[in-house]
Amino acid sequence: MASYYSAKRTNYFPVKNSEAFKERMEKLGVEVCEGEEEGTYCLLADDAGSWPSYTEDKEISEDEEFDFMDLVAEHLVDGHVAVFMETGAELLRYLVGYAVAINSKKERAEVSLHDIY
């Protein structure tokens, strides 16, 4: 069986409170990169992982399972969007590509390479 390899990241987006946002992401083990514009950030996930969806930290979520994109949306400046992107492959048998955009109201738009079918 072949292994699946992927790359995941977001666009750069502004957050309401930089320190609170970075602290929350650090607790979840998510890499945060600062943008050129002050107060903007992007998120990166390593090849072996995915965006977090489980924590025992009650400061982050009352439930052990949570929606990471919703959590990020809570930090977004009103009127801005975070776009979560992933590309991946299992050898050349399966190619994956998708993006999910979410705003501060937790409204989403999704697109996938499979949408072409």
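These numbers were taken from a predicted model, which means no experiment stands behind them.
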Restricting to salt bridge (charged side-chain N to carboxylate O under 4.0 Å, His left out), what partner residues turn up for Glu110, sequence neighbours left out? none

State, to 0.1 Å, how close Met69 and Ile102 come at their nearest heavy-atom pair, and which atoms those are. O-CD1, 3.6 Å

Side chains of Lys106 and Glu74 in contact at under 4.5 Å (non-hydrogen atoms): yes

Would you call Arg9 and Thr87 a side-chain contact if the rule is heavy atoms closer than 4.5 Å? no

Would you say CG of Leu92 has more than 12 non-hydrogen atoms from neighbouring residues, nucleotides or ligands within 6.0 angstrom? no

With distance as the sole test, does Asn11 use its side chain to make a donor-acceptor pair with the main-chain N or O of Ala101 at under 3.5 Å? no

Would you call the rings of Trp51 and Phe68 parallel, tilted or perpendicular if under 30° counts as parallel and over 60° as perpendicular? parallel

A side-chain contact here means heavy atoms from C-beta on lying under 4.5 Å apart; do Asp70 and Arg108 qualify? yes

Nearest heavy-atom pair of Ser104 and Gly79: which atoms, and what distance? OG-N, 4.2 Å

For the residue pair Glu86 and Tyr98, confirm or rule out a side-chain donor-acceptor distance under 3.5 Å. yes

4.5 Å side-chain heavy-atom contact, Val72 and Thr10: no

I'd like to check the salt bridge (charged side-chain N to carboxylate O under 4.0 Å, His left out) partners of Lys22; sequence neighbours left out, ordered by chain and number. Glu19, Glu34

For the residue pair Leu43 and Val32, establish whether any side-chain heavy-atom pair is separated by less than 4.5 Å. yes

Taking everything shown except Glu37 itself, do over 12 heavy atoms lie less than 6.0 Å from its CD? no

